[in-house]
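Every value quoted in this text rests on a predicted model; they were computed, and no experiment measured them.
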Number of protein chains: 2
Amino acid sequence: MWKAEIRVLLKKSVLDPQGQAVENALGSLGYGNVQDVRIGKYLEVSFDAGSRQEAEAQVREMSERLLTNPVIEDYTFELVEE
Amino acid sequence: MWKAEIRVLLKKSVLDPQGQAVENALGSLGYGNVQDVRIGKYLEVSFDAGSRQEAEAQVREMSERLLTNPVIEDYTFELVEE
């Protein structure tokens with residue numbers, strides 16, 4: 001069994017209003033030293049695969065077909081064998 | 001400058017309907033080997049701090065005051081010096 005830990009963020013060139021709102025809220029709470037906040041998704045996907053190579057290929061395929069929007073989002077992932 | 005990479009997930013005991021919906025969608029796309037999907041938030045927060053210890057304390061405080069809901073969510077984070 002493999003667990004893919006996938007982090008998805010908007011591309012740097014895409015405005016992140018949610019991150020901006022949280023940055024402002026942190027400032028209001030007294031954390032004036034915060035300079036940037038980006039907010040995205042975090043997914044954990046558990047699945048069976050014969051090898052790490054197969055597992056990696058499947059994570060890429062699932063990410064590009066369903067889990068992320070490649071036009072505006074970037075993703076990275078780690079694979080953990082369980 | 002420090003960058004906190006914060007992952008937030010619903011606690012194991014809390015139903016995750018969004019994860020369930022994505023798990024079903026992956027099944028419909030032919031990924032029948034997927035056994036579990038959990039979906040949460042991923043945040044990157046950049047800020048100044050004098051030491052790693054101070055930075056860690058601030059990330060915990062911000063997470064518990066604003067960034068997460070400790071009643072239903074768990075979080076983990078890594079700190080990267082930039």
Side-chain angles (χ1 to χ4, degrees), chain A residues 1-12 16 18-51 54-55 57-69 73-78 80 82, chain B residues 1-12 16 18-51 54-55 57-69 73-78 80 82:
Chain A
M1 178 79 81
W2 297 85
K3 184 170 76 176
E5 302 177 345
I6 307 169
R7 308 163 183 214
V8 185
L9 276 183
L10 290 166
K11 288 182 198 260
K12 293 270 180 236
D16 178 0
Q18 194 187 0
Q20 191 59 52
V22 167
E23 187 178 328
N24 294 343
L26 285 170
S28 305
L29 285 172
Y31 303 108
N33 59 342
V34 172
Q35 308 217 342
D36 190 42
V37 178
R38 308 280 294 173
I39 300 189
K41 283 182 296 188
Y42 174 65
L43 298 97
E44 288 186 350
V45 181
S46 301
F47 62 105
D48 292 313
S51 66
E54 271 179 46
Q58 179 168 340
V59 173
R60 285 210 186 81
E61 202 180 278
M62 291 189 300
S63 296
E64 274 150 43
R65 286 182 71 190
L66 181 73
L67 305 178
T68 76
N69 178 345
E73 293 173 330
D74 284 329
Y75 69 97
T76 57
F77 68 89
E78 286 152 55
V80 183
E82 292 193 319
Chain B
M1 177 79 80
W2 298 85
K3 185 171 74 175
E5 302 178 344
I6 306 169
R7 308 163 183 215
V8 185
L9 276 184
L10 289 166
K11 288 181 197 261
K12 293 272 179 234
D16 179 359
Q18 194 187 0
Q20 191 60 53
V22 167
E23 186 178 329
N24 294 343
L26 286 169
S28 305
L29 285 173
Y31 303 107
N33 60 343
V34 172
Q35 308 218 342
D36 191 42
V37 178
R38 307 281 293 174
I39 301 190
K41 283 181 297 190
Y42 175 65
L43 298 96
E44 288 185 351
V45 181
S46 301
F47 62 106
D48 292 312
S51 66
E54 270 179 44
Q58 179 167 341
V59 173
R60 284 208 187 85
E61 202 180 277
M62 291 189 300
S63 296
E64 275 150 44
R65 286 182 71 188
L66 182 74
L67 306 178
T68 75
N69 178 345
E73 293 173 331
D74 285 328
Y75 69 96
T76 56
F77 66 89
E78 287 153 55
V80 183
E82 291 193 319

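- Interface remark: of the candidates Lys3(A), Glu5(A), Glu23(A), Glu5(A) forms the most heavy-atom pairs closer than 4.5 Å to chain B.
- Between chain A and the residues Leu67(B), Val8(B), Leu9(B), the most heavy-atom pairs under 4.5 angstrom are made by Leu9(B).
- In terms of modelled atom types and a separation under 3.5 Å, the side chain of Asn33(A) and the main chain of Phe47(B) share no donor-acceptor contact.
- The shortest side-chain heavy-atom distance between Leu29(A) and Met62(B) does not fall under the 4.5 Å cut-off.
- Take Ile39(A) and apply the side-chain contact (heavy atoms from CB on, under 4.5 Å) test, not counting sequence neighbours, and it matches Asp16(A), Gln18(A), Val22(A), Val37(A), Leu43(B).
- Ion pairing between Glu44(A) and Arg7(B) fails under the 4.0 Å rule for side-chain N and carboxylate O.
- By the side-chain contact (heavy atoms from CB on, under 4.5 Å) test, Asn24(A) pairs with Gln20(A), sequence neighbours left out.
- Per-residue counts of heavy-atom pairs under 4.5 Å with chain B were compared for Ser46(A), Ala49(A), Gly32(A); the largest is that of Ser46(A).
- Nearest heavy-atom pair, Gln58(B) versus Tyr31(A), reported as atom, atom and distance to 0.1 Å: NE2-CD2, 3.6 Å.
- With a threshold of 4.5 angstrom between heavy atoms, Ile6(A) does not approach chain B through any atom at all.
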